[in-house]
> 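Next up is a structure, given as structure tokens.
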Amino acid sequence: MSNPKKQSFLGGAAILAAAVAIVKLIGAAYKLPLNNILGDVGMSYWDTAYKIYNFLLTFSTAGLPLAISKLTSEAYTQGRENEKRKIFRTAIWLFFALGLVGSLLMFFQADLLVGFLRNENAMRPVQALAPAVFCVCILACMRGYTQGQGNMTPTAVSQVLEALCKVGIGLPLAWYLLNIGRNMDVGAAGAILGVTIGTVVSMLFLCIYLFTHRDHRKSLDVPSSGGTLVKRILAIGVPITLGNSAMSIISILDTKIVLGRLQDGLSLAPTAANALNGQYTTGMVMPNMVASFVYPVTMSLLPFAAAALARNDTREADRTISTAFRLLALLALPAGIGLSVLATPIEKLVLPSQQELAVAAGPHLQILGIATIFICLMVLTNAILQTYGKEKIPIFTVIAGGVVKIILNYILVGNPEINIHGAPISTLCCYMVIAGLNLFFVWVYSPQKPRYMQLFAKPVLASVLMGGAAWAVYGFLNRMLESGHSAYGANAIATLGAILIGVIVYFILVIALRILRAEDVKSIPHGTKLIKLLHLK
């Protein structure tokens, strides 16, 4: 690889944050229409395949790319070009083997995997996604290598290409297959094939990029042996992988228990059980989208806290972390309460061709909207604990929350009076436990104890008032418009009007209550201009 000018931290973080935002917007353009195309049963097949895919990927891509990035960065900074190249040559074979095993397992043992999850009709979507495991493993290695040299652009471009293929190929293919009369599992396989093709295109792009940007400079350093490098990669990557894999394992068990209890506890047929599970997974789409935007906040702010702690500047670290909490409260609280208050209207808005599914998913989103707040808190507090060097604590807190989720799912979903509505309740309780434990440990290990009441009181008040205003406006507009418009049109106008008024009310309250302070703005990286607009002198 050639030696491009190394991007600054802020520049790299800004590039990755922009890529994340673009990818999530494209993801919304994929997932929301997909719900309309596949419906509840098809989405259950799709979700089962994706959970198996994520489970296998966790073990190969959760921590090892970070290890490659760290080792590459050290060699690059020290000018050890031969060591840097040897790291990549060694790692690519490791990832090749992991990806190949994962893909073969997912393709040839698909029947066993879906049988374990009590969703046998998801076999074709699982097989359609199998090649993506191999491609993503190779992608993870190449991305770690380029990021270790301070170049975030290849990662960002490859992520956007992957997302565009998912939308441009997966959606039309799913629609076409169902339109010619193919079964729902085939339609779900077509939708998920777009993901696989996206990973292939992204992998080819990075292969071409690395080939055309090879560094031919000579160096006299003697690289470490391949065995030594593998040990170093595993020593760094395995602990991180274990921490991240806990939630994937719990997610797999969650799906198994929900579908199992619906079929065994309530004696439902597989198709009926998948329809109910699809309603729940549809309700999870919006919370997952909101939570995904927390990562750029942690990516942009928390490294500054780590640098301050390295200088023993606890005051600066505390100020940066407090800013991260305030920004999270500023974004997650109104989003979660807004989703909860306008749950069914929002589902009706985004699912125009699946109105029955929208009505069924609305009660799930009402509970999961509140869960969104705790999911975002979990993401941020995990990052803070890692900044403090307490990487193992999130492993145990996630396991504790997962145990709560599994127990509640077994009890509630098997109750005929609650059935699938027990799934969002268990999800809310799970993330409440994780976030609560994480907040406790952040308080314990912070050099200057965070004042949670001071950090969250005003944002909670502003968000509740915003939610009340949005709810009142929706009710008024919907009653006024329902006689002169179609049911969908009246709901759409009323929902968008309620969201607009809610945003305006919240913005006014943020200014009036001075939720974002001057010192917080000074802690924000220079690239975060949008947030700085909220500052009033």
Side-chain angles (χ1 to χ4, degrees), residues 21 24-36 279 282-294 327-373 376 424 458-513 515-516 530-531 533-534 536:
K24 294 307 174 183
L25 289 173
I26 296 173
Y30 170 73
K31 198 71 176 289
L32 295 177
L34 189 63
N35 276 275
N36 286 280
Q279 295 166 9
T282 298
M284 276 298 301
V285 171
M286 291 291 180
N288 285 335
M289 286 173 55
V290 173
S292 66
F293 285 95
V294 177
L327 290 177
L328 179 131
L330 196 70
L331 300 172
L333 282 167
I337 291 176
L339 287 175
S340 183
V341 168
L342 298 175
T344 300
I346 289 174
E347 293 289 3
K348 287 182 177 180
L349 175 67
V350 300
L351 296 172
S353 62
Q354 296 282 348
Q355 289 293 285
E356 289 186 8
L357 173 58
V359 172
H364 297 304
L365 182 56
Q366 198 166 29
I367 299 170
L368 293 170
I370 303 302
T372 303
I373 299 168
C376 294
K458 289 181 180 180
V460 167
L461 175 62
S463 298
V464 169
L465 293 174
M466 175 219 70
W471 176 80
V473 169
Y474 173 81
F476 172 76
L477 290 177
N478 193 51
R479 284 191 298 271
M480 186 175 68
L481 296 170
E482 61 184 355
S483 60
H485 296 75
S486 66
Y488 179 80
N491 177 76
I493 296 172
T495 303
L496 293 174
I499 292 173
L500 177 61
I501 296 300
V503 169
I504 293 172
V505 169
Y506 187 70
F507 185 78
I508 292 171
L509 289 170
V510 166
I511 296 172
L513 297 175
I515 292 175
L516 198 63
L530 180 60
I531 299 171
L533 293 176
L534 296 175
L536 292 178

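The figures that follow rest on heavy atoms only: side chains count, while hydrogens, waters and symmetry mates do not.
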> Is the side chain of N491 donor-acceptor paired with the backbone N or O of T344 at a distance under 3.5 Å, no angle test?
no
> Show the numbers, then the answer: is there a side-chain contact (heavy atoms from CB on, under 4.5 Å) between V510 and K458?
CA-CA 8 Å; V510 166; K458 289 181 180 180; over 6 Å; no
> Locate the shortest heavy-atom distance separating P287 from T372; write the atom from each residue and the value.
CB-OG1, 3.1 Å
> Taking all non-hydrogen atoms of both residues, which atom of G497 and which atom of L477 are closest, and how far apart?
CA-CD1, 4.1 Å
> Are L351 and T282 packed together at the side-chain level, in the sense that at least one heavy-atom pair is separated by less than 4.5 angstrom?
yes
> Does the side-chain contact (heavy atoms from CB on, under 4.5 Å) test come out yes or no for V473 and I499, once each step is laid out?
CA-CA 9 Å; V473 169; I499 292 173; over 6 Å; no
> Going from CG on L339 to CD on E347, what distance comes out if it is rounded to the nearest 0.5 angstrom?
9.0 Å
> Could you report the tightest heavy-atom contact between T495 and P345, atom names first, then the distance?
OG1-CB, 3.3 Å
> Kindly compute the distance separating CG (L513) from CD1 (I508), expressed to the nearest 0.5 Å.
11.5 Å
> Hey, what do you get for CG (L333) to OH (Y506), rounding to the nearest 0.5 Å?
6.5 Å
> Please step through side-chain contact (heavy atoms from CB on, under 4.5 Å) for the pair I493 and N478, ending with a clear verdict.
CA-CA 8 Å; I493 296 172; N478 193 51; over 6 Å; no
> Measuring from S463:OG to I373:CD1, what's the distance to the nearest 0.5 Å?
7.0 Å
> Could you check whether any side-chain heavy atom of N36 comes within less than 4.5 Å of a side-chain heavy atom of P352, counting everything from C-beta outward?
yes
> Which atom pair, heavy atoms only, marks the closest approach of A492 to L349?
CB-CD1, 3.6 Å
> Do C376 and V290 have side chains that get closer than 4.5 Å, going by heavy atoms?
yes
> Counting only N and O atoms by type, is there a donor-acceptor contact under 3.5 Å from the side chain of S340 to the main-chain atoms of G369?
no
> Indicate the atoms forming the closest heavy-atom contact of M466 with P334, along with that distance.
CE-O, 3.5 Å
> Please round to the nearest 0.5 Å and tell me the distance separating atom CE of M284 and atom CD of Q279.
15.5 Å
> Decide yes or no for N35 and Q354: does some side-chain heavy atom of the first lie under 4.5 Å from some side-chain heavy atom of the second?
no
> Rounded to the nearest 0.5 Å, what's the gap from CD on E356 to NZ on K348? Could you check?
11.5 Å
> Given side-chain contact (heavy atoms from CB on, under 4.5 Å), test Y474 with I501 step by step and report yes or no.
CA-CA 9 Å; Y474 173 81; I501 296 300; over 6 Å; no
> Return the minimal non-hydrogen interatomic distance between I346 and G338, and the atom names on each side.
CD1-O, 4.2 Å
> With the side chain counted from C-beta on, respond yes when P459 and L328 share a heavy-atom pair under 4.5 Å apart, and no when they do not.
no
> Is the shortest heavy-atom distance from the side chain of M286 to the side chain of L32 under 4.5 Å?
yes
